[in-house]
There are 2 protein chains.
Amino acid sequence: MRSIMHRVEVLKTVAHPVRIRILEELLKGVKCVSDFEDFLEISQPNVSQHLSLLRKQGIIDHYMDGRLRCYFLKDPLIPDLLEVLKKDYIEELPAPACCPVTKKGTYPGERRH
Amino acid sequence: MRSIMHRVEVLKTVAHPVRIRILEELLKGVKCVSDFEDFLEISQPNVSQHLSLLRKQGIIDHYMDGRLRCYFLKDPLIPDLLEVLKKDYIEELPAPACCPVTKKGTYPGERRH
DNA sequence: TGCAAACATAATTATATTTGCATGTATAAC
DNA sequence: GTTATACATGCAAATATAATTATGTTTGCA
């Protein structure tokens, strides 16, 4: 199992609007840097920096095609992670039944008071 | 569907070693602040700050039991998110077949060269 | 060989996050 | 009412992250 720290690193890496859009795009297929430059509206060095971060984390990789760098998804967690993030949930989790929210209740189970 | 920004906020909030451990613990059931103080080895104000952040994001909520504050999970995304993070994957995603990694290949589909 | 396209890297600056510490508040017990 | 418990909040210092600007590298082509 991934360590807590590794899980945190993955989350931190994905937790950025540009990077999450890059990953969603890579889900559809291979893309090169100038492709991202077009549809994200940020500078080329900035795109490269985000790609570099994702690569250092092992989340993506690339191959060379002439002078194009073609990036693709590598970490199998990512598709699952992105899918969960898109899911719609109708209801909140049920509050503990014995203990009404923001009102006094009883702490469930044994415990010092 | 959650907006990109909302997804990013959720990920950023979970992406911290203390907070991820708090959430994993809450998955098992209700816990109060001093419970966390025991098993995480950080100060009480720091625990409160992390709980406060999680609450502002709508990820957790609490009820009062005397002078105890009993926290519980609220956002239904969290259990699914934590589960995906724990999953073990045996293999990396397959690299695009037509294009060997780090070697020259052909960019799949039509594109300027 | 020289130049341009496609990209990476480095340094700087701006901004956000995290923590520690001091203090504040509500409840319970005495 | 006084005190202790259980917690929250505010602020400043330390640190991490992000974007901008400038510059470097590699490849393809004339």
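Throughout, protein chains are lettered first and strands after them, A, B, ... in sequence-line order, and every chain is numbered starting at 1.
One can place CE of Met64(A) at 9 Å from C1' of dA6(C), the figure rounded to the nearest angstrom. Taking atom CD1 of Ile42(A) as the reference point, atom P of dT17(D) lies 18 Å away to the nearest angstrom. A straight line from CG of Asp35(B) to C1' of dC7(D) spans 13 Å, rounded to a whole angstrom. One can place CG of Leu51(A) at 14 Å from P of dA18(D), the figure rounded to the nearest angstrom. As a whole-Å value, the separation of Glu37(B) CD from dC7(D) P is 7 Å. dC7(C) atom P lies 15 Å from atom CG of Asn46(A), rounded to whole Å. When the P atom of dC7(D) is taken as reference, atom CG of Asp38(B) falls 10 Å away, rounded to whole Å. Asp65(B) has its CG atom 14 Å from the C1' atom of dT5(D), to the nearest Å.
Using a 4.5 Å cut-off on side-chain heavy atoms (C-beta onward), Tyr71(A) and Arg55(A) make contact. A heavy-atom distance below 4.5 Å is found between the side chains of Ile20(A) and Leu85(A).
Among the nucleotides dT9(D), dT21(D), dC7(C), the one closest to any side-chain atom of Gln44(A) is dC7(C). Considering only side-chain atoms of Leu68(A), the nucleotide from dA6(C), dA22(D), dA19(D) that sits closest is dA6(C). Minimum atom distance to the side chain of Arg67(B) is reached by dT5(D), of the listed dC7(D), dT19(C), dT5(D). With distances taken from any side-chain atom of Gln49(B) to the nucleotides dG10(D), dT9(C), dA8(C), the minimum falls on dG10(D).
Remark: Tyr71(A) is in phosphate contact with dA8(C), judged by side-chain N or O atoms under 4.0 Å from OP1 or OP2. For the pair Ser34(A) and dC7(C), the criterion of a side-chain N or O lying under 4.0 Å from OP1 or OP2 is met. For dT9(D), the OP1/OP2 oxygens have no side-chain nitrogen or oxygen of His50(B) closer than 4.0 Å. For the OP1/OP2 pair of dT19(C) and a distance below 4.0 Å, the side-chain nitrogens and oxygens of His16(B) include at least one atom meeting the criterion. In this structure, Arg19(A) reaches the dA18(D) phosphate: one of its side-chain N or O atoms is under 4.0 Å from OP1 or OP2.
Of the residues near DNA chain D, Ala15(A) and Ser43(A), the one whose nearest nucleotide (by heavy atom distance) lies more toward the 5' end is Ala15(A).
Contact check on Asp80(A) versus Lys86(B) returns no salt bridge, with no Lys/Arg side-chain nitrogen under 4.0 Å from an Asp/Glu carboxylate oxygen. Ion pairing of Arg7(A) with Glu24(B) is present here, as a side-chain N (NZ or NE/NH1/NH2) and a carboxylate O approach within less than 4.0 Å.
Checked by atom type, the side-chain pair Gln44(A)/Ser48(A) shows a donor-acceptor distance below 3.5 Å.
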